[in-house]
Amino acid sequence: MTMQAGALSRRAFAQLLGAGAALISAPQLVAGNFTEPGRTARKSSGVVRLSSNENPYGPSAAALVAMREAFDLAWRYPDEHAEALIADLARLHGVAGDRVLIGDGSSEILKLAAAAYTGPDRKLVMADPTFEAIAFCAHATRAAIVKVPLDASYGHDLSKMLDAAKGAGLVYICNPNNPTASITPKSALRAFLDAVPATTMVLVDEAYHHYAESAEYESVIPLVAPHPNLIVSRTFSKIFGMAGLRLGYAVAQPAAIQRLGEEGVWDSVNIMAIAAARASIGDAQHVALGKKRNRETKARLCNTLDGLGYRYIPSEANFLMIDLRRDVKPVIGAMKAKRVEVGRLFPPLPHHLRITIGTPEQMDAFVAAFKDVMAA
């Protein structure tokens, strides 16, 4: 049987494993402001949550309306809607539909890549620190994990990663990088992709792509065409404000998309997420506004930190790493006691605190709590 590349649907999968479906209860949709999207941040329990690099303004009004309308489709499997989203994404990136695979957040794409390309004799190479999810996935395949420290500019040390890539099944590059919000320059990344062995897959995670504004940054999606061993992952969790909906995707050549799909399950993306994503793709204003808000609020926070005498890693994302010049772990706990949640400890940078860029009001709350905690 030939499975349709780019869409691992229930129909295709059922031919392999037999029919089946899991019953879930539908969540209650919270009413939003449909006339002026994102004017204020979504309501919370009173805790200022700046720990997970979420977009505090939420999805666009168009996405919220699309989800409401999608309730009428909740009784159907999302096959044709998933195919329509894949077609939208293919047009967006100027590729054929068989070069796109959607997943349950970009985290599922990372899991599929680890399952497909790592194992006891196929190691994973990654930076240190970087987003840890793919390492957890590679542990499940019993793969050796080689961690290469970031360079002095907090970019990926690609020369050392190239040496480590010999015999590797997969190299993971997060650009912009989480947790440092730093970038790996485009010329260095291009040279790395040209030099890495053809038998080693490279996964470039572009979760924070929309926030990067440096002239030294570029997306590598156009480089998929000449590189059969390149996979690029994207997500709707960040600038599109859909972290709770769980939708990501991969762009790669058809053979790689097919291999990733073989590790997946049918219908891992729900109809609400698909509807919101399709509406979001067409809402360029929401993306532009998200970038503007992030840029302005981040600059305001940096000015405050400059005045307080704290240094930070230059950020090309929607978060910032602040050098506290002291152990960060007690600070994380003290901030939580003041109802401000900040990023977790990253062992390679034990003195750095990761803080999500929220709304101006949230950042004011952060600064007030931060001053109290650091003065104690």
Side-chain angles (χ1 to χ4, degrees), residues 4-9 59-60 62-63 66 78 80-110 112-113 116 172-176 183-184 186 189-190 192-194 201-215 217-242 245-261 264 268-269 273-288 290-291 316-317:
Q4 182 181 355
L8 189 60
S9 70
S60 74
E80 62 265 36
H81 302 282
E83 291 164 3
L85 173 58
I86 288 168
D88 289 345
L89 291 168
R91 281 192 294 271
L92 177 67
H93 295 299
V95 299
D98 62 358
R99 297 188 174 215
V100 179
L101 177 74
I102 60 174
D104 183 28
S106 58
S107 297
E108 183 179 17
I109 303 302
L110 271 57
L112 298 181
Y172 173 72
I173 297 172
C174 187
N175 194 34
I183 61 167
T184 298
K186 58 188 179 184
L189 191 49
R190 281 175 174 261
F192 175 84
L193 292 171
D194 288 340
M201 298 300 293
V202 179
L203 171 57
V204 179
D205 184 343
E206 295 186 349
Y208 301 97
H209 157 77
H210 295 93
Y211 293 110
E213 298 185 296
S214 169
Y217 171 83
E218 70 176 5
S219 169
V220 294
I221 286 180
L223 301 183
V224 165
H227 293 95
N229 59 336
L230 174 61
I231 302 167
V232 184
S233 65
R234 290 278 187 92
T235 184
F236 283 84
S237 294
K238 305 306 176 183
I239 198 130
F240 293 110
M242 290 172 47
L245 287 167
R246 312 307 305 132
L247 179 55
Y249 62 97
V251 179
Q253 289 199 16
I257 291 295
Q258 181 72 20
R259 182 69 186 91
L260 293 173
S268 66
V269 179
I274 290 171
R278 295 196 69 200
S280 296
I281 290 172
D283 193 350
Q285 182 181 2
H286 183 70
V287 172
K291 293 176 67 170
E316 293 290 334

Minimal non-hydrogen separation, [X] against [Y], with atom names:
{"X": "Pro59", "Y": "His286", "value": "C-CE1, 3.7 Å"}
{"X": "Pro78", "Y": "Ile274", "value": "CB-CD1, 3.8 Å"}
{"X": "Ser233", "Y": "Ile109", "value": "CB-CG2, 4.0 Å"}
{"X": "Pro228", "Y": "Ala256", "value": "O-CB, 4.4 Å"}
{"X": "Leu85", "Y": "Ala277", "value": "CD1-CB, 4.0 Å"}
{"X": "Ile257", "Y": "Ala250", "value": "CD1-O, 4.0 Å"}

Short question: side chain of [X], backbone of [Y] - any donor-acceptor pair under 3.5 Å?
{"X": "Asp98", "Y": "Pro254", "result": "no"}
{"X": "Glu316", "Y": "Ser214", "result": "yes"}
{"X": "Ser60", "Y": "Ala63", "result": "yes"}
{"X": "Glu213", "Y": "Lys291", "result": "no"}
{"X": "Gln253", "Y": "Arg99", "result": "no"}

(request) Kindly determine whether His227 and Val202 satisfy side-chain contact (heavy atoms from CB on, under 4.5 Å), including the steps that lead there. (result) CA-CA 9 Å; His227 293 95; Val202 179; over 6 Å; no

Hey, what do you get for [atom1] ([X]) to [atom2] ([Y]), rounding to the nearest 0.5 Å?
{"X": "Ile221", "Y": "Leu92", "atom1": "CD1", "atom2": "CG", "value": "7.5 Å"}
{"X": "Leu247", "Y": "Arg234", "atom1": "CG", "atom2": "CZ", "value": "13.0 Å"}
{"X": "Ile239", "Y": "Ser280", "atom1": "CD1", "atom2": "OG", "value": "11.0 Å"}
{"X": "Arg190", "Y": "Asp194", "atom1": "CZ", "atom2": "CG", "value": "8.5 Å"}
{"X": "Leu203", "Y": "Leu260", "atom1": "CG", "atom2": "CG", "value": "8.5 Å"}
{"X": "Arg278", "Y": "Leu89", "atom1": "CZ", "atom2": "CG", "value": "9.5 Å"}

(message) Going by ring-ring contact (aromatic ring centres under 6.0 Å, His included), name the residues that satisfy it together with His81, two or more places apart in sequence or in a different chain.
(response) none

(request) Indicate yes or no: at least one non-hydrogen side-chain atom of Val204 is less than 4.5 angstrom from one of Leu223. (result) no

(request) Determine, stepwise, if the pair Val224 / Val95 fulfils side-chain contact (heavy atoms from CB on, under 4.5 Å). (result) CA-CA 9 Å; Val224 165; Val95 299; over 6 Å; no

(request) Go through the steps for Phe236 and Ile281 under the test side-chain contact (heavy atoms from CB on, under 4.5 Å), then give the verdict. (result) CA-CA 10 Å; Phe236 283 84; Ile281 290 172; 4.0 Å; yes

(request) Apply side-chain contact (heavy atoms from CB on, under 4.5 Å) to the pair Ser107 and Arg246, showing each step before the final yes or no. (result) CA-CA 9 Å; Ser107 297; Arg246 312 307 305 132; 3.6 Å; yes

(request) Applying side chain to side chain donor-acceptor pair (under 3.5 Å), name anything that partners Thr235, two or more places apart in sequence or on another chain. (result) Ser237

(message) So if I apply the side chain to side chain donor-acceptor pair (under 3.5 Å) rule between Ser219 and each of Glu206, His210, Lys186, His209, which one comes out positive?
(response) Glu206

(message) Go through it in stages, so that I can follow the logic: the residues are Tyr217 and Asn175, the test is side-chain hydrogen bond (donor to acceptor under 3.5 Å, both in side chains), and I'd like the CA-CA distance, side-chain angles, deciding distance and then a yes or no.
(response) CA-CA 8 Å; Tyr217 171 83; Asn175 194 34; 5.4 Å; no

